[in-house]
Structure formats: C-alpha cells, structure tokens
Amino acid sequence: MSGWIALSNITVRFGALTAVDAVSLDVDKGEIHAVVGENGAGKSTIMNVLFGLLVPDEGTIAIGGTPHAWKTPQDAIAHGIGMVHQHFMLQDSMTVLENVVLCAEPVNRLGIVDFATARAKLEDIIATYGIRSRLDARVADLSVSERQVVEILKVLYREAEVLILDEPTAVLTPQETRSLFEILANFKAAGKAIVIITHKLDEVMEVADTVSVMRGGRLVSSGPREATSKDEIARGIIGGDLPAPRARGPYAPGAPVLKVTDLVARGEGRPVGPVSLEVRKGEIVGVAAVAGNGQAELIETIVGLRRSAGGTVSLDGQDLAGKDVAARRALGLSYIPTDRQRVGLALEARVSENALIGREMESRFRRGLFQIGSQIDAFAREVIARYRIKVAGPRAKTSSMSGGNKQKLVVGRELSRETPLVIAENPTWGVDIGAIDFIHGELVRMRDAGHAILLVSTEIDEILALSDRIVVMFEGRITGSFAASDADRFEIGALMTSHGSGGIQTRDAS
Amino acid sequence: MMATDTGFAARLGPWVAVIAWLFAILLVLMIAVGASLDQAVSGFFNGAFGGRNSAYLMTTIGRSALIIGMALAVLISFRAGLYNIGGEGQLVVGGIVAALVGIYLPGPGPMVLAVGILAAMAAASLWAVLAGALQVYLGVPLLIGSLLLNYPARYISSYLVGHPFRDVAAGLPQTHMVPQGAWIPNFPGTRLDMGIILVLLAAVFTIVYAYRTVPGYRTRMNGLAPDFARASGLPVKRLVFQTLAMSGAIAGLVGAIAVFGVHYRFSDGMLVQPLYAWTGIIAVLMVGMVPWAVPLSGFFFAAVQTGAAGMERTAGIPKEIGLIMQAAIILFVASRLAVVNLAGSARGEGNDDRA
Amino acid sequence: MIALDVLLDPALLQSIPRFLTPILLAALGGALCERAGVFNIGLEGFILTGAFCAVLGAFFFGSPVMGAISAMAGGVLMALIFAEFHLRRPGDPIVVSIAINLLAAGLTLYLLSAIFGVTGAFRDPGIQGFAMIHIPVVRDIPVIGQLFSGQSPLYYIALVVAVAMHFFFRFHRLGLRMRAAGENPQGLVVGGVDPRIVRLYALVACGMLCGLAGAQLSIANVTLFVDNMSAGRGWIAVVAVLLTRGNPLAVLGIALVFGFVDSLSFRVQGYGAPQQFTDMMPYLATLAVLIGLSFWRKTRQTRA
C-alpha cells in the first residue's frame, strides 16, 4: 500500500559521498509526517529531491500514482509542492506582499505586476487559515517567526497541497512553536500533507502522525507515532544507546571575571542596550535570545569588534575601554564565534595556519620575523590530537573538514589558550551529535577548572543543559535573569519574545 | 567536481579547447586585415625572442622586468585582500619623482641613482598609502579610491613635464635627460639594463615575505578571511598600511627603473600608454596569485606584447592584437581557474559600526 | 552675487547635459547590474566599444540613428562576453571586468586601423552625428531652456530611462526579480527562477545603455573617435552606482553633480587654467563626493 506521495528508492550522491541511499517514503494527505535524524542523515537532501532542487541519481517520485521527474523546483511547485527552508529565502528590502508574489507574479501583457489581485487572494488565504501578517511591512522589520509566516504564505499562495518545513522550530520560542503547530493543524484539517524535518523529539511526539527516522543516508524506520516511543526514535537516530548524562562539579562561583555595566552597543538602526551582566569564575552564564535581539552586537562589543556607545566592560578588574581586539585577547579573553566559516576560520588556509592564529608572535613559533614551520605543525598536531579532530594532517586545507571538525578546531584553538574568560556564541550550531557532546563536555570541564564562561545560544535546550545562571535578552535589553535551578522553558520562551510583565524578572538565588 | 577517476586526457581537454579558441580568435583578426599566417607567426617569434644580437629578446626581457615589477606590487596587495588597482598612479608618481631627483640632485652618479630610486619608492609608497587612508578613515573602497588616484597622478605629472620642468628645446612634453652617470648600466655587450636584477631581488623578497615571515602570514590570513583576521585580533589597519606601502614602493621602484634604465627621462604618458600596471594585474590573476609563477607569467605577457609589435612590423597586423590576446587569455584562463574571488571582498566598504 | 552669476551662466548650463549624459546612461546600466547582483566594473570597456561602434554605424549607414543602434549592438556584444565568462563560467567579475576593459581598448584600436587604416583617431565628414533638438517655447525659458532644449536626443532618452527604471524596479516582474537576484538569489532558485538568466537580462540592458553612452561621446558631443575616448567615465559611473546602490533616481542626482563639475571645469579652462588641472577635476570631484557621502553616513549613524 503506497501513499499519496510515494518516493521510491531515492539515491543521491555528491561525488564519492552517498547522501541518500535507496530511501522510500510515503506521505499521505491530512497527515503530519515527521522526518527525524542527525545533521547529515540525509533528511534535508531527500526533501530537496521532493521539491525539485536536487535531481536524484536513482529512484522515482509519484503523486497519486502518477510518476514525475522534476527538473527544477518550478515543476514541483506546479504539482502542488511547497517548501519552507531552514534558512529563509526572503528578500529583506521587499514587503511581505512583494516577497509572496515573487516568482509567481500575476502580470499583464507588459509584465507589470498586478498587486491588487495578489493582495485580494492573499487576504483570502489569511482569513481562511487564521494567520496574522502585515502585507505592507518590510521583511527586514519582521521578527523571525513573522518571517516564517511569510514563507508559509508563499507556499499557500502557490496553492500547495504538500508543505515541507525544514527545521521550522529551530528559531522559534516555545510559544511561537505552539502557534505554528496550531496553523499546521488547520492545514491538516484542510486535507493538506505536511512534512516536518526536525531533530526535536518532544515536538515529534506532540504533533506527528507518522515518524520516519533517518541515519547516514538510510531510512531506519517509518511508521505511525503511536507504534513507537521517544526512546526508540532516539536510539534509531544515533544508532546505539544515548550518551550518559554529563557529570559536573558543584556550583561554586568565585570572583567576577567579566563585568558589563550599562553597556550600549551600536546596532544597525537602533542601538543595543543598556545591558549589565556579570560572569564569575567557575560558572557558565547562558544568554538566551532569539537571533537578532542584540546578543551578537553585545558580544562583538565585549570582544572589541564593535564600538560601544556607552557603559563599561571590565575583565579581571581592568577597564577595557579603548582597547582593541588584540589587547582584550591578551588580557585573557577567548572567543568562539557563531560563524565559523567566516569569522572562526580561514577556510582556504591550512589547518596549522588556523590553529596558529593569535599565537604567531610567540617566540617558539618564530625566529625574528621568520616563522618556524616545524614548530607550527607540531603545535597543530597537538590541537588535533587533544580535541580529537578528524583531518588528514596539519597541512590539510581547512575547508576539507566536516562542520563538526571545523568547530572542534575553533573550540580547541580558543580553549587551549586557557584564558580566564571564554565567550562561546552558538558553539554547536549545525554540528553533529558527537561533536555537540564533545564541545559541551569541554565547556563544562573549563567551568569546573575555574574559568568564567559566557555562553550565547538561540537553542533553549543548550542553555538549559549547560548554564549555571541564565539571562534572557529581547530587543536589545535583558528581560530576565534566573538561577538555572529555577528556570522554566516556557517562562524563558515568554521573556525571549516580550519585555515581560513590568520590569526585569529576577529570581537569582545567589 | 571529483577528479578522482578522470584521466589525464580528460583534464587536458578543456585546456586544448581554450587554446583552440584563442587561435580561432587570432585567425579571425588576422584574416580581417589580410595578413599571411606564416609571416605573422615568424613576426611574432622574431619580435618576442629574435632580432640582431637578440635585440628583440632583450626588449622583451627589459619590458618583462617592468611588468613583473608591477605584478609583484599587485601580488603583495591582492594577497592581503587589498584590491589596489592604482598601480598606474603609483608607477607614474615614482617615475616623475625619480626623473626630477635624477635631473636636479647634484652629486656623483651612483649616489643620484640610489637617492632617485629611494625617493621614487617613498613617493609611490605614499601615493598607495593615501588610497589606504581613504579606505580606512573615510570609507572610500580601496578598489575605487586607488583607481581614481591614477588620474591626478597622470595629470599632475603631465602638467609638470608640460610646463615647469619641460625640456623646451625637445618640443615634446618631457623632462631633460638624467646625467649619464646616474643611468642603470647595461649588461656588458647588450642593450639590456640591469634593472631586471632589482626586480628579481624584489621578487625574491616578495616570495620570502609571503611564505616565510610572520607579517606575510598575517597578511595572507587577512586576505583569505578579513572577518577572521579581525576577530582573531590581527592589527588589520596596520596591515593595510604596511602592505600598501610595500606595494607602492615596488611600483615606485619600477618607475625609477623605467627612468634610470630605459628612457633616461620622463615623458608624458610613457608609463601609462604601455599599460604596465594593468598587464601586471592580469599577470597576477592568470596564475591565481601564486607568487613563484608571477615572474613566468610576467615574461609571457611581455613576449605577447613585443611579439605583437613584431607582427606589426613584418605582417602589417596592428600591434593592438597583443592587447586582444591578453584579454582573451585572461578571460579563458582566469574563468577556468576560478580561484580568485575578488568581488566578494572588494564590495565590503568599511562598516563604521565596527571599531 | 558673482557665484550665482557663474552658476547660471547660459553657456555653462547649456553644456551640463553633454557631460552628464554619458555618465548617466552608463551608470543606469551599472545600476541594473548592481541591483541584479552583478559586480560590473567593466563599464569603461562597454562605453568605449559603444563609442567606436557608433562611429562605425554613423559612417557606413550615414545616419546617427544607425550609429546609436550599432553602439548598442557593440555594448551588448561586450555584455554577452561578460555573461559568458562570469555567468556561464565561474569567472570572477572583477577579473572579467578588467579583461573586458583591456579587450575594448585593444579591439577598438585594432579595428580602427583594420577598417579605416588610421592609428589613434578617426575623423571624417562622413560620420553623421546627432542634431540637437530644439524645443519651441521651452527654449526661451531662462535656465530651463538651456538645460532642456538644444540637447542631443540621447540626453532625453537618458532622463526617461532614469525615471522609468525607478518604476521598473517596483512594479515590473523582471524588476522585482532583478532586485531578488541581487539581494537573495537563493530566493529565486527555490521559486524556480534561475538568477543567472535574470542577471543576463540586466547585463544585456547595461550593454545597450553603455553603448548609448559611448554614442553620446562620439556622435553627439563630437563626431569622431579617438583612442581611449571613454577616458575614465566608466569608472565615474561605477562610483555613481556604488554610491547610490543602484537607485536610478539617486543615480540621476549624482550624474547631475558630476555633469555640473565637468562643465564648470570646462569653463574654468577658458579662463586660462592649465588643461591638466581641468582634466583632473572630475576625478577629484568624484573622490570628494565619495568622502562627503561617507561622512554623511557616519554622522547619520551616530545620531541613530
């Protein structure tokens, strides 16, 4: 018995790598189908095949029993398939309306777009499904969840019968996730088929009718949710037993290392802040915020990459005013940036060159102005071994490594400096479970050894798993501050999207 | 993209196609002027490598010294991610300063030569740093600022040799000659000046700097990933000025060699018309900014130019065919290599939010 | 008010459009590329080719309209070469631009001697240039008359294109898609539109506009072709594009400033300043505008 949409024996190869290996998947109308798996398990790849972005090397797609071979997304769209990508594909400078019609414009003979017709159709859709959106707002001014709504509107505008959502909740707070699921339930009731790619098992258990698990490009299992359990799915994803919960030393914070007082950072448009916070020896302070709420500007200002517009930052009692990045690093600061591809690493350089950066003036690596290649390679080998980085050797090109290993190189380079303060910004963004586990372990080890760690993450789970204290930011301000033991996901989620109920929420035990 | 099981022939294929294209273009151009193929070919090789006592070969080598020099100036800045395309202005500034020092500084010849070269390097260096300052302090992208500075350099030098420092008796807009004692000597028995030795020294310096030194390493990291360099605490502003100063100094050296070794004076347009600076840029781009290959590609482009002049002499083909060949080569080769990504980094204007 | 006297000097006003038109046309072409995400700094080569082809057409067909049409064809040819090496093959746009500029310099001189047997310059009474258009009534209004009457037809075309392009980017399907190709091309890919095709359209239109810019130089301002006739105007157009981020009305404003400075320095030459200094003025003015704008942006940001 095959479903309304039947993917059979799909195989996709990228050069020597087989990203999807003979996977067959059925999706039915009026169901929410969750596809789960690790990064690199092939779930996005197979959905890109269904959407026509990739042409499979083998296998067929059939809808309602008719086989199809897409050449471009246009073909898939024409047959009622729509996709909301993990990274939104919107035009920031355009309005919601312009974004929605783009590539499906109603035009007259001269190619002039008929915005009135489009608006009427869109208002109809909005009314039908109970969606809220401001059609004339510029996308640049929208929050992340509002942008996601625009992506969904685009799909509905094209009269899609199948909605594919790639990691739709990764950027949402628990409240926003809940309202997304309400919209999806309306679609389901209207007889549409919905595919969600995700790695969040709680959500799967909450909304999915069918669950398919992928690992290493293969389909591990596929069946109704009632017939499986969260543990079984988790074991399927990892291909073995779950790692034991992490042991961490007792919480015994020492003297303050980083002190931020009324800091105002220059932003694009409006400034960020004022923000005050403190990180002490032996603690991890987690900053929870939806992307784009000023946490990046705050960190850049502390690191010295962005000018401050007021307030002070001190490190181990030293005022950092007027000091550049190099001086701040020398005083005892390490920085793991979000964007390892551009900020954390020079991808076209060798592994050893990336490992060396910041240390090139140390006397062991140079004789006068000349570098000592053997010493540099030896150091790179140490980092590779110590942080279990999988790479051909110190002279390999950095771009040849996987995402997880690239991130381990950044983490290794920064943590091995053993500075009093470590700033980690989304340190496990887009890496596999093994690397996440390793990096989390290293951060906790540093904390146990008495370092002060400022962790910024958009993932509430990561914040909850690592932090001793939690600070929540929204629109450039701190909206709440908790001891980790008192933290509640939903309360944090609420503070991530609003200024809270009058003033700053503080339930700091210490 | 995997080239694991493609054979040698398969990898050679595209290059054969490139060469076939180039020859087809040349053939069309030659037919257009009714030139005979074998005259053209022999004219080309004679013009590039032949002549009585290898005189043309010497011209080619002499010209390649100037092109390689300009290529080195480009190389140093491009590898640092600094798109200094104002080499022409820096070259002209170096040339005019060298000529004025050479003519008006009294003293023994060798000293005049040495001071002239150093003054030319310093002046051109300043001209390049000016473009850097426009970027760092005033937010004018280097790609544009350095280029726009070409024009004042060109017109100011043109004014200087056309009015205050003109050799009126000569009729043309040019300076007097520098005294013979300050000339760069020729290799014995040839008409090739020893300027190429200075250029080769500059090449060795550039290669060692790029691969072996700490500032070379920092420059390279800044060129490959500017955000990475900033976040890692490299002294980015200082690198900009240091690199541009070196780049300009080499361009100035080339200007001095042209004055003291080739023309013995500065005449209007003598450093602009032959497009030394632009040829230097394409010589670097053709080999994907690999330092050791730059001298080879510099020589290659010099040979294309002198060969084209030979084709004009023997086969009556306009010598601009050389320019067309250069452009076609760079189009086919550089678009195949695709190792350079200039545009991405050239667009980023200084974001003033950042410290 | 001596200053106002100089500014409203009829001869000065009359000459602004001749300096403004080539820069405006080229910069409008550049604006299309900029908005569509093609980093085209080869405008100089496009213009030069246009100037040569204009003379070619005006000479052999004896008509300035044919000159303009062949100028556009020449510009489009360069644009197609650009597209072949940058869009179809993965060539870096700066490298391709530099090659295009060299190619135009070489090709025009080569063909000049191949076709006309001359080097450096070609002038001939057989080249039919554009006649200036005198508009009745308008021509008698002070200031307006000088600015809007007695000008080359290409000037009026340029003004119309600038305004039309403003609406094109807002209301035309292709205009919207061009903006998307420049801002987030992946958004087009997932919509089933190949951004490279959109960019090809932008490049071709840019080739036409730059061709007309060249025609203004060689068959409207004068009727002859000389070596390196574009003389850096393509670079000034590039600056105008970068400064305005491809906004056509802002391009019009900037071109007006440049045109004014050009004609002013042309007038100053009449008072005996050395020619080199007046030649230098447009470039210094361009730098000054660049610097001024960056200051303006800085202060605006600080206040925010």
Side-chain angles (χ1 to χ4, degrees), chain A residues 48 51-54 70-79 81-95 97-116 118 139-140 150-151 154-155 157-158 164 166 266-272 307 309, chain C residues 31-32 34-37 90 92 160-161 163-202 204-205 244-250 294-304:
Chain A
N48 283 338
F51 185 58
L53 275 171
L54 287 170
W70 316 135
K71 286 202 179 63
T72 69
Q74 200 100 62
D75 300 336
I77 292 166
H79 287 87
I81 295 175
M83 184 160 177
V84 175
H85 298 265
Q86 185 179 5
H87 302 289
F88 300 149
M89 306 286 186
L90 299 173
Q91 312 294 332
D92 280 359
S93 76
M94 294 188 187
T95 64
L97 183 61
E98 286 174 322
N99 263 289
V100 170
V101 300
L102 185 67
C103 297
E105 307 90 343
V107 292
N108 68 11
R109 269 184 312 126
L110 294 172
I112 312 284
V113 181
D114 181 359
F115 281 113
V139 166
V150 179
E151 287 282 13
K154 283 186 81 155
V155 171
Y157 181 82
R158 287 157 178 75
I164 308 166
D166 191 353
R266 286 195 191 172
E268 325 291 334
R270 64 188 156 204
V272 169
R307 278 188 220 143
Chain C
L32 285 168
E34 166 76 14
R35 293 301 279 272
D92 182 275
V160 170
V161 169
V163 175
M165 195 180 287
H166 172 76
F167 291 103
F168 171 77
F169 281 135
R170 284 171 173 230
F171 297 113
H172 196 276
R173 171 169 57 183
L174 187 56
L176 280 184
R177 291 180 178 185
M178 278 186 190
R179 283 164 62 194
E183 192 176 324
N184 186 357
Q186 206 56 32
L188 288 181
V189 173
V190 297
V193 173
D194 187 343
R196 290 177 307 173
I197 303 292
V198 176
R199 289 176 176 160
L200 176 65
Y201 287 130
V204 167
T244 58
R245 308 209 168 125
N247 176 338
L249 296 183
S294 108
F295 264 121
W296 180 67
R297 281 196 181 133
K298 224 179 231 181
T299 48
R300 206 178 45 162
Q301 234 158 23
T302 324
R303 264 188 277 124

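Chain letters run A, B, ... following the sequence lines, proteins first and then strands; every chain starts at 1. What's counted below: heavy atoms across the whole structure, side chains too, no hydrogens, waters or symmetry copies.
Residues of residues 163-171 of chain C that come within less than 4.5 angstrom of chain A, heavy atom to heavy atom, are R170(C), F171(C) in numerical order.
Atoms OG and CZ, on S93(A) and R179(C) in that order, are 4.5 Å from each other to the nearest 0.5 Å. Here N184(C) contributes atom CG and M94(A) contributes atom CE; the two are 9.5 Å apart, rounded to the nearest 0.5 Å. Rounding to the nearest 0.5 angstrom, the gap separating the OG1 atom in T72(A) from the CG atom in D194(C) is 9.5 Å.
Within the 4.5 angstrom heavy-atom criterion, no atom of N108(A) approaches chain C. When heavy atoms are compared at a cutoff of 4.5 Å, V107(A) approaches chain C solely by way of its side chain, counted from C-beta outward.
A search for side-chain hydrogen bond (donor to acceptor under 3.5 Å, both in side chains) contacts involving R173(C) returns nothing, not counting sequence neighbours. Under the side chain to side chain contact (heavy atoms under 4.5 Å, CB included) criterion, A78(A) pairs with no residue at all, not counting sequence neighbours. Here E151(A) pairs with V84(A), F88(A), M89(A), L90(A), K154(A) under the side chain to side chain contact (heavy atoms under 4.5 Å, CB included) rule; sequence neighbours left out.
Residue R158(A) places its CZ atom among more than 12 non-hydrogen atoms of other residues, nucleotides or ligands, all under 6.0 Å distant. Enclosure of atom OH in Y201(C) is not indicated, since only 12 or fewer non-hydrogen atoms of other residues, nucleotides or ligands lie within 6.0 angstrom.
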Assess the residue pair Q186(C) and H85(A) against the criterion (side-chain contact (heavy atoms from CB on, under 4.5 Å)); give the C-alpha distance rounded to whole Å, side-chain angles, the decisive distance to 0.1 Å, and a yes or no. CA-CA 11 Å; Q186(C) 206 56 32; H85(A) 298 265; over 6 Å; no
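What you find for C103(A) and G191(C) is that their closest heavy atoms are CB-O, 3.7 Å. In this structure, H172(C) and L110(A) approach most closely via the heavy-atom pair NE2-O, 2.7 Å. Nearest heavy atom pair, residue V190(C) against residue P73(A), reads O-CB, 3.7 Å.
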